[in-house]
Amino acid sequence: MRTSIVRRVGLSVAMAAALTSVAACGGTVTKAEPIAALLAVQKKTGGANSAKVEGTTTMGTQMTMKQTGSIDWSDGVSGTMDITYTGGAMADAMKQSGSDGTMRTRYFKDGYAANVGDAFAKQAGGKHWISYGYEDLAALSGASGELMKEQLQNTTPDRGVKALLASGDVKKVGQEDIRGVATTHYSGTVDVAELTAKNSELDAAQLAAFKKQLKDSGITTEKVDIWVDGNDLLVKKTERGRMKTGELNSTMFYSDYGTKVSVERPPASDTIDFSEFLQQQGASGEAS
């Protein structure tokens, strides 16, 4: 039971970093117009270097969670995020272990650390933080881990913009106010496997394995919507799809571009490496 919970924690935190409404109808728009606009958004948002983020994510019956924090992508990705699991198997597992469902995470260029509370500390010699190296994540989780490693190291607000540009299927929907900000809404559908092939560094074997994992999970396409303000900065992004276990839905809001982000590594005396923890639990052969 313990190792099952920890394995879910590792996957869910990784997916979370992974640093992701009704629109007014616009007039007829040429295909070139939204592409040109999104190229400007990609450049301006990508060059902003930092922002505050908040949002919600649902992954079928596995989990529903809320996220809030800030990230900096000026030199790799770093930041802090508070993650609260509000539903699904992940929330149930954390509740059964005595956790309140909230984790504090810190992201660094080479990995990330999560404070999973007193319940976890009882299993880890009193240590509250568990650390994950991106290289270890790739080794533990195969093709999906390799891809999550890439995504976590490149989790920036403009990824949704890049996805729409790469899809070749993007349209301008219209104008909307988002939290009091006037924005332009763009929408498109992304073939997940095709986009991964174009934008990842997975080799042929890893890509084939990842495509099989997508097929097994039931994920084929995602509908991506973004809302950008008059300064070409991303304000909101949604990603929606279907899994065999239910809905795949992510909504993220971005604000305070250029905000200062300060991240410190947790005390070594209060931190255990994920691989080391699995070995201590005699579960290294079960990790996947």
Go through it in stages, so that I can follow the logic: the residues are Thr183 and Val228, the test is side-chain contact (heavy atoms from CB on, under 4.5 Å), and I'd like the CA-CA distance, side-chain angles, deciding distance and then a yes or no. CA-CA 5 Å; Thr183 69; Val228 300; 5.9 Å; no
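- The CG atom of Asn115 sits 6.5 Å away from atom NE2 of His128, with the distance rounded to the nearest 0.5 Å.
- The shortest heavy-atom contact between Lys44 and Asn231 is NZ-O, 3.0 Å.
- Rounded to the nearest 0.5 Å, atoms NZ (Lys171) and OG1 (Thr189) are 8.0 Å apart.
- Counting only distance, with no hydrogens or angles, the side chain of Thr86 and the backbone of Thr64 share a donor-acceptor pair below 3.5 Å.
- Val53 and Val261 fall into different hydrophobic clusters, where Ile, Leu, Val, Met, Phe, Trp and Tyr side chains are chained together by heavy-atom contacts under 4.5 Å.
- Taking NE2 of His185 as the start and CH2 of Trp227 as the end, the distance is 4.0 Å to the nearest 0.5 Å.
- Shortest non-hydrogen contact noted between Val173 and Ser187 is CG2-CB, 3.7 Å.
- The hydrophobic clustering, which links ILVMFWY residues whose side-chain heavy atoms are closer than 4.5 Å, places Trp129 and Tyr132 apart.
- With sequence neighbours left out, Asp225 forms a salt bridge (charged side-chain N to carboxylate O under 4.0 Å, His left out) with Lys223.
- With values rounded to the nearest 0.5 angstrom, Asp100 atom CG is found 12.0 Å from Tyr85 atom OH.
- Applying the salt bridge (Lys or Arg N to Asp or Glu O under 4.0 Å) test to pairs two or more places apart or on separate chains, those with a residue in residues 58-86 are Asp75-Lys109.
- Residue Leu248 is grouped with residue Ile83 when hydrophobic side chains (ILVMFWY) are merged at heavy-atom distances under 4.5 angstrom, including chains of intermediate members.
- In this view, Glu54 and Arg179 satisfy the salt bridge (charged side-chain N to carboxylate O under 4.0 Å, His left out) rule, not counting sequence neighbours.
- Annotation: the span from Trp73 atom CH2 to Thr45 atom OG1 amounts to 7.5 Å, rounded to 0.5 Å.
- For the pair Asp270 and Lys127, the tightest heavy-atom approach, listed with the atom from each and the gap, is OD1-CA, 3.4 Å.
- For Asp177, there are no salt bridge (charged side-chain N to carboxylate O under 4.0 Å, His left out) partners two or more places apart in sequence or in a different chain.
- Residues Val181 and Phe253 fall within the same hydrophobic cluster, defined by Ile, Leu, Val, Met, Phe, Trp and Tyr side chains chained together at heavy-atom separations under 4.5 Å.
- Legend: salt bridge (Lys or Arg N to Asp or Glu O under 4.0 Å) pairs involving residues 83-98, not counting sequence neighbours: none detected.
- Side-chain contact, Thr102 with Thr84: a donor N or O sits under 3.5 Å from an acceptor N or O.
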The test is side-chain contact (heavy atoms from CB on, under 4.5 Å); show your working for Val161 and Tyr186 and say whether it passes. CA-CA 9 Å; Val161 183; Tyr186 298 92; over 6 Å; no
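- For the atom pair OH of Tyr107 and OG of Ser78, the computed distance is 12.0 Å after rounding to the nearest 0.5 Å.
- Around atom NZ of Lys52, no more than 12 heavy atoms belonging to other residues, nucleotides or ligands sit under 6.0 Å away.
- Nearest heavy atoms, Pro266 versus Ala113: CG-CB, 3.9 Å.
- Pairs engaging residues 257-268 under the side-chain hydrogen bond (donor to acceptor under 3.5 Å, both in side chains) rule: Asp110-Arg265 [sequence neighbours left out].
- Across every non-hydrogen atom of Arg240 and Thr251, the tightest pair is NH2-OG1, 4.3 Å.
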